[in-house]
There are 2 protein chains.
Amino acid sequence: MTLSEEDYIKAIYHLGKGDNTIVSTNALAEMVDTKPSSVTDMVKKLSEKGVANYKPYKGVNLSEYGQRIALSLVRKHRLWEVFLVEKLNFSWDEVHEVAEQLEHIKSEKLIDQLDKHLGYPEVDPHGDPIPSKSGEFKKAIKKLLNNIPIGSVGVCVGVKDSSPPFLKFLDKNKIALGDTILVIDREEFDGSYNIKIGERIIHISNQIASNLYLKITE
Amino acid sequence: MTLSEEDYIKAIYHLGKGDNTIVSTNALAEMVDTKPSSVTDMVKKLSEKGVANYKPYKGVNLSEYGQRIALSLVRKHRLWEVFLVEKLNFSWDEVHEVAEQLEHIKSEKLIDQLDKHLGYPEVDPHGDPIPSKSGEFKKAIKKLLNNIPIGSVGVCVGVKDSSPPFLKFLDKNKIALGDTILVIDREEFDGSYNIKIGERIIHISNQIASNLYLKITE
DNA sequence: ACATATTTTTAGATTTGTCTAAATATTTAT
DNA sequence: ATAAATATTTAGACAAATCTAAAAATATGT
């Protein structure tokens, strides 16, 4: 597989939402940052190679084989992310771009040994699960704050909405990625929450809560 | 720089023997495993980019800028080799192919942190020096056995001649990469050597000695 | 259901890095 | 010094991945 092919496979996988939904040409084009006409060409090729199922005007899908490739890429990507954060002191938000390159390195031994070196981690720094060598998946450990039981503790590992106003709000309230958060209680009336960050207790609306991802630790 | 361009730069660098000798089109073609006509095209491009100095029918050279790029690639390659051997239990002879891929990863922070993680190593597993971030070089620590003072101890890190007969000889005499070798003495008459490997003392001809690289440790 | 808007595909061009075959320059041998 | 051998470059073609512009199919609104 070439670099480009692998990028398309990953994009089809991620847009397919895990259940291998059929993906539209336009959505793919946006994902891989190219034009729809280029996507058409590529998905035809992937189809001929047995990696994807493409039906003109209907969309694309990964074949069994394509899914195996996608999972292996996701596995590599996430293992490298763990490596960067745990061993090389990268922060949370710096890892993606580099992992995007590292995931294309071809060496089975490299990934096996990296996995071992990292102590066989089950999730990446964003709380997303790492597929096993054979392609099995644990359930995601990251959840939106409003889906977490009262009393839980978690680390803030991501945001759903990454628009400037929301990020500005987080900044103003000193909520940052990597912070440990305790969910104190929830207001019946409006679904707002009280949460504890370090020694501070903060009140946040349900809308805020439903855009903050936590990796649960207790 | 693209992958290909970087491969050519490295090839020009290595064929230039450190002193930036002018390199012939044919030699380059052999090194990067392509045809001379392709080399001509590429070196023209590198020349236009200010990376190399190319004179038709005469050969190519790296510019100052090209040398900086080459040294950075060599640095990356060798740091990754150290990583593979020290952290991921790769053996000596498995690292090259993988490092060849890893050296193209673009991230300054990645390399700085890797260097730190590895404890700022000065040589790679073959005894070749690792250029500093600014491009400075220590002298090579690997030497041919026949250029080493009597009484020295070193680790076998490579062979000059890698032909089957020679490798077969080494195998038969249980001389392997990674072995620690003591140079006991040298015979005046024919330049042959007595060396100690583990508890065994072996007699080797001068020709053998002049094809074994050691990384000196005492 | 029809016209309009959107999405997708096709056709043809472009760029990068490569190739083959032929032409040209350089080197070597006598 | 000249012929033969070798090395290098040029010219033209090709495959991969992309693009633009135009055509075709599908979806949408009233």
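Just the heavy atoms: all of them, side chains too, but no hydrogens, waters or symmetry mates, feed the values below. Reminder, nothing fancy here: chain letters follow the sequence lines and each chain counts from 1.
Rounded to whole Å, the distance from CG on B:Leu3 to P on C:dT15 is 21 Å. For the pair B:Met42 CE and D:dT9 C1', the computed distance is 17 Å after rounding to whole Å. Going from atom CG of A:Leu28 over to atom P of D:dT18 covers 12 Å, rounded to whole Å. Separating the NZ atom of B:Lys55 from the P atom of C:dA25 is a distance of 18 Å, rounded to the nearest angstrom. Distance, A:Asp7 CG to D:dA16 P: 17 Å, rounded to whole Å. C:dT8 atom P lies 12 Å from atom CD of A:Glu30, rounded to whole Å. The separation between B:Asp41 atom CG and D:dG12 atom P is 14 Å, rounded to whole Å.
A close approach under 4.0 Å does not occur between any side-chain nitrogen or oxygen of B:Ser38 and OP1 or OP2 of C:dT18. A:Tyr8 has a side-chain polar atom (N or O) that falls below the 4.0 Å cut-off from OP1 or OP2 of D:dT18. Look at A:Asn26 and you'll find a side-chain N or O under 4.0 angstrom from OP1 or OP2 of C:dT8. Contact check, B:Ser4 against C:dT16: no side-chain N or O comes under 4.0 Å of OP1 or OP2. Contact between the side-chain N/O atoms of A:Lys35 and the OP1/OP2 oxygens of D:dA21 is not found at any separation under 4.0 Å. For B:Lys44 and D:dT10, the shortest distance from a side-chain N or O to OP1 or OP2 is below 4.0 Å. Side-chain nitrogen and oxygen atoms of B:Tyr57 include none within less than 4.0 Å of the OP1 or OP2 phosphate oxygen of C:dA23.
Residue-level contact check: A:Pro56 touches the backbone only, with heavy atoms under 4.0 Å from sugar-phosphate atoms and none from bases. Within 4.0 Å of B:Thr25, counting heavy atoms only, lie sugar-phosphate atoms of the nucleic acid but no base atom.
Using a 4.0 Å cut-off between charged nitrogen and carboxylate oxygen, A:Arg75 and A:Asp115 count as a salt-bridge pair. No salt bridge links A:Glu108 with A:Lys76; every basic N to acidic carboxylate O contact stays at or beyond 4.0 Å. For B:Lys10 and B:Glu100, the salt-bridge test passes: some basic side-chain N is under 4.0 Å from an acidic carboxylate O.
Map B:Ala27 and A:Pro36 each onto its nearest nucleotide of DNA chain D; the residue landing nearer the 5' end is B:Ala27.
Partner of B:Ser192 under the side-chain hydrogen bond (donor to acceptor under 3.5 Å, both in side chains) criterion, out of B:His203, B:Arg186, B:Gln207, B:Glu187: B:His203 alone.
In this structure, B:Phe166 and B:Phe169 have parallel ring planes: the angle between them is below the 30° cut-off, well short of the 60° mark.
Scanning atom types as modelled, one donor and one acceptor separated by under 3.5 angstrom connect the side chain of B:Ser37 and the base of C:dT20.
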